[in-house]
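Here the structure is a predicted model, which means the values were calculated and not measured. Both backbone and side-chain heavy atoms feed into the values below; hydrogens, waters and symmetry mates do not.
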Amino acid sequence: MSDATTTDLYEVTMALSYLREGMTRPATFSCFVRALPPDRGFLIAAGAETVLDYLSDFHLGHEDVEVFAEALQRPAEELAPLLDLRFTGEVRAVPEGRVVLAGEPLLEITAPLPQAQLVETCVLNHLSHQTAIASKCIRCVIAAQGCDLVDFSLRRTHGTAAAHQVARLGAMTGFVGTSNVAAAHAEDLTAVGTMAHSYIEAFEDEEAAFTAFALCHPGPVTFLVDTYDTESGVAAAARVLNALGRGDGSAIRLDSGDLAELARRARAILDNAGLPQVRIVASGGLDEYAVHDLRRAGAPIDVYAVGTRVGVSADAPALDSAYKLVAYDGRPVMKLSAAKLTAPGRKQVFRRPGCHDVLGLADEPLPAGSTPLLETLMRDGRRGTARGRLDEARRRVVADVAELPATARYIRSPHAARPKMSRRLSTLTERVRRRIEREVLAPFGTHA
């Protein structure tokens, strides 16, 4: 059984019906986010690389068809039209790391209708989750104002595959390390970590625990200092670091309590012990809101370890994303449902400096001073280029975020810009609307 079976059942029933009806002409589906979650002024596009991996490998074999037949409680022979179906289409997408706004396509797929329909579920899953996480991570980077961030989310993400994506997306947006060893190895990231409270509790006292840990691990170490009393823990850490001459590059970690006040007290203890170079790491339920508040309070914290709330994007765990048919066999189509209207036709986003975007049609001439966001990443079911590199995506993040209006980068109550619609797209939208009202709705006496 392949990943092709990771789909909603109705995708299978629709694809099978299309095949039986001979509806295999090219269809374009557009994936976009209708509205941004609260406290989001923009999104960071992510997930296109794993979508391309999925589509490159998409193939329905005998076992896959049997799985579908079992789900439908039908003989496998009746699903024979699905056998050996592969993805042979085109993918145009916003490269990972670029800023996107509500209503702008993250990705558009043009492929024979049954293929484009069957891949909907996985495409939406990859793009929605990773874009949500990347957008959460960049907000942490903005809030940290140049301080280091590390990913501690592995133990509470919604599955280990999601944790791997969090580590990768954190690095893409500017995190300096992750506690996830497997992700660090796979993505060439820096693995980071300290110790747990259980380690301290296993020893007679903190000083013995810190000494044993330092003797076991050469080089810089980070001591967790709040198992019992934070100030006494910091003092014990200072004595061990001085005794072993291990101050350079080392750190202490605060994991609970009033982090701003405890950081100030810890800084004073370390400085008085002749250890100004020892850094302070903060963890414990942090996200961009907490980091923002700590920075505003002037807390002398050097590194923020963010975990659960970032790994699951706790304040905005889902995006209002959609994957909608916008053209079939050269005919532009649209949806008229209240609050879920879609614009017809293959699209392009034309960006001017300052992220002043115009949403237009893919075949429109490039407006002066603009650059197109969507790029063709796959043709005939094959990647057009090698897999995108993480450092390239990181450069795109830095450049695009710098172009955003300052109000869009606010951590609380940002101003979320929206793209304007081009004249050609507006005209097409109105023309398709009138056609639907005339040919589809009027015979039944209904109105959009």
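Looking at Asp315 and Lys136, a side-chain N of the basic residue comes within less than 4.0 Å of a carboxylate O on the acidic one, giving a salt bridge. Using a 4.0 Å cut-off between charged nitrogen and carboxylate oxygen, Arg264 and Asp258 do not count as a salt-bridge pair. A salt bridge does not link Arg389 to Asp188: none of the charged nitrogens lies less than 4.0 Å from a carboxylate oxygen. Looking at Arg396 and Glu96, no side-chain N of the basic residue comes within less than 4.0 Å of a carboxylate O on the acidic one, giving no salt bridge.
With sequence neighbours left out, Gln145 forms a side-chain contact (heavy atoms from CB on, under 4.5 Å) with Arg295. Scored by the side-chain contact (heavy atoms from CB on, under 4.5 Å) test, Glu66 finds Ala76 as partners (sequence neighbours excluded). Here Asp400 pairs with Arg98, Arg351 under the side chain to side chain donor-acceptor pair (under 3.5 Å) rule; sequence neighbours left out. His217 is linked by a side-chain contact (heavy atoms from CB on, under 4.5 Å) to Phe213, Val221, counting only residues two or more places apart in sequence or in another chain. When the side-chain contact (heavy atoms from CB on, under 4.5 Å) test is applied to Ser135, the partners found at least two apart in sequence or on another chain are Leu43, Ile44, Thr131. Every ring pair (Phe, Tyr, Trp, His ring centres under 6.0 Å) that Phe223 has, sequence neighbours left out, goes to Phe210. When the ring pair (Phe, Tyr, Trp, His ring centres under 6.0 Å) test is applied to Phe32, no partner is found at least two apart in sequence or on another chain. Every residue two or more places apart in sequence or in another chain was checked for a ring pair (Phe, Tyr, Trp, His ring centres under 6.0 Å) with Tyr18, and none qualifies. By the ring pair (Phe, Tyr, Trp, His ring centres under 6.0 Å) test, Phe350 pairs with no residue at all, sequence neighbours left out.
Screening residues 124-182 for ring pair (Phe, Tyr, Trp, His ring centres under 6.0 Å), with sequence neighbours left out, gives no hits. Among pairs with a residue in residues 322-334, those fulfilling side-chain hydrogen bond (donor to acceptor under 3.5 Å, both in side chains) read Arg25-Asp329, at least two apart in sequence or across chains. The stretch residues 368-382 participates, sequence neighbours left out, in no side-chain hydrogen bond (donor to acceptor under 3.5 Å, both in side chains) pair at all.
Remark: Arg155 CZ is loosely packed, at most 12 non-hydrogen atoms of other residues, nucleotides or ligands lying under 6.0 Å away.
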Query - Thr110 and Arg346: CA distance, side-chain angles, deciding distance, side chain to side chain donor-acceptor pair (under 3.5 Å) verdict - result: CA-CA 9 Å; Thr110 300; Arg346 285 162 48 94; 2.9 Å; yes
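Checking side-chain atoms of Glu49 against main-chain N and O of Gly388 turns up a donor-acceptor pair under 3.5 Å. Under the 3.5 Å distance criterion, the side-chain polar atoms of Asn180 are left unmatched by any main-chain donor or acceptor of Leu154. Listed for the Ser17 side chain is no donor-acceptor partner under 3.5 Å among the backbone atoms of Met14. Of the possible polar contacts, none joining the Thr194 side chain to the Leu224 backbone as a donor-acceptor pair under 3.5 Å is found.
For the pair Arg74 and Phe68, the NZ or CZ position fails the cation-pi test of under 6.0 Å to the six-membered ring centre and within 45 degrees of the ring normal.
Between Ile280 atom CD1 and Arg267 atom CZ the span is 4.5 Å, to the nearest 0.5 Å. Atoms CZ and CD1, from Arg279 and Ile301 in turn, are 12.5 Å apart once rounded to the nearest 0.5 Å.
Shown are Asp39, Ile142, Val291; of these, the side chain to side chain contact (heavy atoms under 4.5 Å, CB included) with Ile411 is made only by Ile142.
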